[in-house]
Amino acid sequence: MKKLMVLGIFLLVSQFSFGQDVKATIEDLERKRFAAQVAKDGDFLNKIFADDLIYVHSSGKMDNKEAYVASVLNGTSVYSKIDIEAISVREYNKGQTAVVNGTVLVTQPPVNDKPVFLHLRYLVVYTKDSKKGWQLNSWQSSRLPN
């Protein structure tokens, strides 16, 4: 009986630790992704975005992976700074899927000497690929009042 209780406690603790690892990993990937968008790091963006990425911008415009990464690299999508205000990661499918809800404040280059801020609420879905690791499959943003 004692061995069964110890085994149960071990399984409970390992399950909790596993969930924390997924959450910490995804939070770290989100921070790196936003940094890559600011730095125009196409290599990182191509690595983290799934080939079937769908990104619905806060304007309603929709991009696939190729179009979005190209827009970052060619300067159509420009980010001076992205500050994460809140982030929540929920894990599904035995640690193979993660859903992220968050809010960010995006600073873009000034227009007519006035700063441009986008206050966004966003949702992303990551899935874990056995060969590529975590891949961001879906991303949607909505504007909040500044």
Side-chain angles (χ1 to χ4, degrees), residues 7-146:
L7 178 62
I9 291 170
F10 173 76
L11 289 174
L12 183 64
V13 169
S14 65
Q15 181 69 14
F16 178 75
S17 297
F18 179 72
Q20 291 299 98
D21 289 343
V22 169
K23 290 177 181 180
T25 298
I26 297 300
E27 283 186 25
D28 184 56
L29 285 174
E30 281 294 272
R31 293 180 198 293
K32 289 177 179 174
R33 172 175 73 92
F34 289 132
Q37 288 172 231
V38 172
K40 298 183 178 186
D41 184 347
D43 290 338
F44 185 82
L45 296 175
N46 276 309
K47 179 182 172 189
I48 197 71
F49 291 146
D51 291 339
D52 65 348
L53 170 74
I54 295 175
Y55 171 29
V56 180
H57 296 258
S58 62
S59 66
K61 177 185 173 198
M62 191 167 78
D63 274 333
N64 62 18
K65 175 182 179 174
E66 182 181 347
Y68 179 69
V69 172
S71 77
V72 170
L73 297 178
N74 71 25
T76 304
S77 296
V78 181
Y79 308 96
S80 300
K81 186 177 178 186
I82 302 175
D83 292 311
I84 297 173
E85 296 179 330
I87 188 168
S88 172
V89 179
R90 291 172 291 143
E91 173 190 344
Y92 298 96
N93 194 24
K94 297 180 182 177
Q96 301 301 300
T97 305
V99 175
V100 180
N101 294 93
T103 55
V104 292
L105 182 61
V106 177
T107 305
Q108 295 181 312
V111 174
N112 298 326
D113 294 325
K114 293 182 181 179
V116 177
F117 299 104
L118 296 174
H119 196 203
L120 304 173
R121 184 176 317 272
Y122 75 96
L123 178 130
V124 297
V125 177
Y126 282 90
T127 56
K128 193 168 189 180
D129 182 276
S130 61
K131 294 180 182 148
K132 296 179 180 180
W134 286 104
Q135 299 279 281
L136 194 157
N137 300 89
S138 295
W139 173 16
Q140 185 158 355
S141 299
S142 299
R143 282 191 186 200
L144 296 170
N146 280 337

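Numbers here simply count residues along the sequence, with the first being 1. Only heavy atoms go into these numbers, but all of them, side chains included; no hydrogens, no water, no symmetry mates.
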Novice: Identify, with sequence neighbours excluded, every residue that meets side-chain hydrogen bond (donor to acceptor under 3.5 Å, both in side chains) alongside Ser71.
Specialist: Ser77
Novice: Return the CZ to OG distance between Arg121 and Ser141, rounded to the nearest 0.5 Å.
Specialist: 11.5 Å
Novice: Please examine the side chains of Gln96 and Thr127, heavy atoms only from C-beta on, and report whether any two atoms are closer than 4.5 Å.
Specialist: no
Novice: Show the nearest heavy-atom pair for residues Asn137 and Ala50, with the distance to one decimal.
Specialist: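 In this case the closest contact between Asn137 and Ala50 is ND2-CB, 3.4 Å.
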Novice: Taking side-chain hydrogen bond (donor to acceptor under 3.5 Å, both in side chains) as the definition, give me every residue that meets it alongside Trp134, ordered by chain and number, with sequence neighbours left out.
Specialist: none
Novice: Which residues satisfy the ring pair (Phe, Tyr, Trp, His ring centres under 6.0 Å) test with Tyr122, sequence neighbours excluded?
Specialist: Phe34
Novice: What pairs with Gln37 under side-chain hydrogen bond (donor to acceptor under 3.5 Å, both in side chains), at least two apart in sequence or on another chain?
Specialist: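 So Gln37 forms a side-chain hydrogen bond (donor to acceptor under 3.5 Å, both in side chains) with Arg33, Tyr68.
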Novice: Which heavy atom of Ser138 sits nearest a heavy atom of Leu53, and at what distance?
Specialist: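 Minimum heavy-atom separation between Ser138 and Leu53: N-CD1, 4.2 Å.
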Novice: Give a yes or no answer on whether the side chain of Asp129 reaches the backbone of Lys131 with a donor-acceptor pair at less than 3.5 Å.
Specialist: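 Confirmed, Asp129 side chain pairs with Lys131 backbone.
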Novice: What are the two closest non-hydrogen atoms of Val38 and Ser80, and how far apart are they?
Specialist: CG1-O, 3.5 Å
Novice: Evaluate the side-chain proximity of Val125 to Thr97: yes if any heavy-atom separation is below 4.5 Å, no if none is.
Specialist: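 They are in contact (side-chain heavy atoms under 4.5 Å apart), so the answer is yes.
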Novice: In Å and rounded to the nearest 0.5 Å, what is the CG to OG1 distance from Leu120 to Thr103?
Specialist: 9.5 Å
Novice: Which residues pass the side-chain contact (heavy atoms from CB on, under 4.5 Å) test with Ser142, not counting sequence neighbours?
Specialist: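 Ser142: no side-chain contact (heavy atoms from CB on, under 4.5 Å) contacts found.
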Novice: In Å and rounded to the nearest 0.5 Å, what is the OG1 to CD1 distance from Thr107 to Ile82?
Specialist: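 The OG1 atom of Thr107 sits 9.0 Å away from the CD1 atom of Ile82.
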Novice: Are any side-chain N or O atoms of His119 and backbone N or O atoms of Pro145, one a donor and one an acceptor, separated by less than 3.5 Å?
Specialist: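 Indeed, once roles are kept as given, a pair shorter than 3.5 Å links the two residues.
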Novice: Could you work out, with side-chain hydrogen bond (donor to acceptor under 3.5 Å, both in side chains) as the rule, every residue matching Lys61, not counting sequence neighbours?
Specialist: none
Novice: What's the separation between atom CG in Asp28 and atom OG1 in Thr25, rounded to the nearest 0.5 Å?
Specialist: 7.0 Å
Novice: Show, in sequence, the C-alpha distance, side-chain angles and deciding distance for Ser88 and Asn101, and conclude whether the side chain to side chain donor-acceptor pair (under 3.5 Å) test is met.
Specialist: CA-CA 5 Å; Ser88 172; Asn101 294 93; 5.4 Å; no
Novice: Can you check whether Leu123 reaches Val100 side chain to side chain, under 4.5 Å on heavy atoms?
Specialist: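 Not touching, per the 4.5 Å side-chain cut-off.
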Novice: For Glu30 and Tyr126, does a side-chain donor sit closer than 3.5 Å to a side-chain acceptor?
Specialist: yes
Novice: Just to verify, what does Tyr79 make a ring pair (Phe, Tyr, Trp, His ring centres under 6.0 Å) with, not counting sequence neighbours?
Specialist: none
Novice: In the structure I gave you, are the side-chain heavy atoms of Tyr55 and Met62 within less than 4.5 Å of one another anywhere?
Specialist: no
Novice: Quick one: does Ile54's side chain get under 4.5 Å of Trp139's, heavy atoms only?
Specialist: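 They are not in side-chain contact.
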Novice: Within this structure, what is the CG-CG distance for the pair Leu45 and Leu136, rounded to the nearest 0.5 Å?
Specialist: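 If we round to the nearest 0.5 Å, Leu45:CG and Leu136:CG are 10.0 Å apart.
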Novice: At what distance, to the nearest 0.5 angstrom, does CG of Leu29 lie from CD of Gln135?
Specialist: 10.0 Å
Novice: Show me the pairs that pass salt bridge (charged side-chain N to carboxylate O under 4.0 Å, His left out) and involve residues 76-90, at least two apart or across chains.
Specialist: Lys81-Asp83
Novice: Mind checking side-chain contact (heavy atoms from CB on, under 4.5 Å) for Ala67 and listing every partner two or more places apart, or none if nothing turns up?
Specialist: Asp63, Asn64
Novice: Quick one: side chain to side chain donor-acceptor pair (under 3.5 Å) pairs with a partner in residues 38-51, sequence neighbours left out?
Specialist: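 Residue pairs with at least one partner in residues 38-51: Asp51-Lys65, Asp51-Lys132.
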Novice: What pairs with Gln108 under side-chain contact (heavy atoms from CB on, under 4.5 Å), at least two apart in sequence or on another chain?
Specialist: Val106, Val116, Leu118
Novice: Not counting sequence neighbours, list each pair that qualifies as a salt bridge (charged side-chain N to carboxylate O under 4.0 Å, His left out) and has a residue in residues 102-116.
Specialist: none
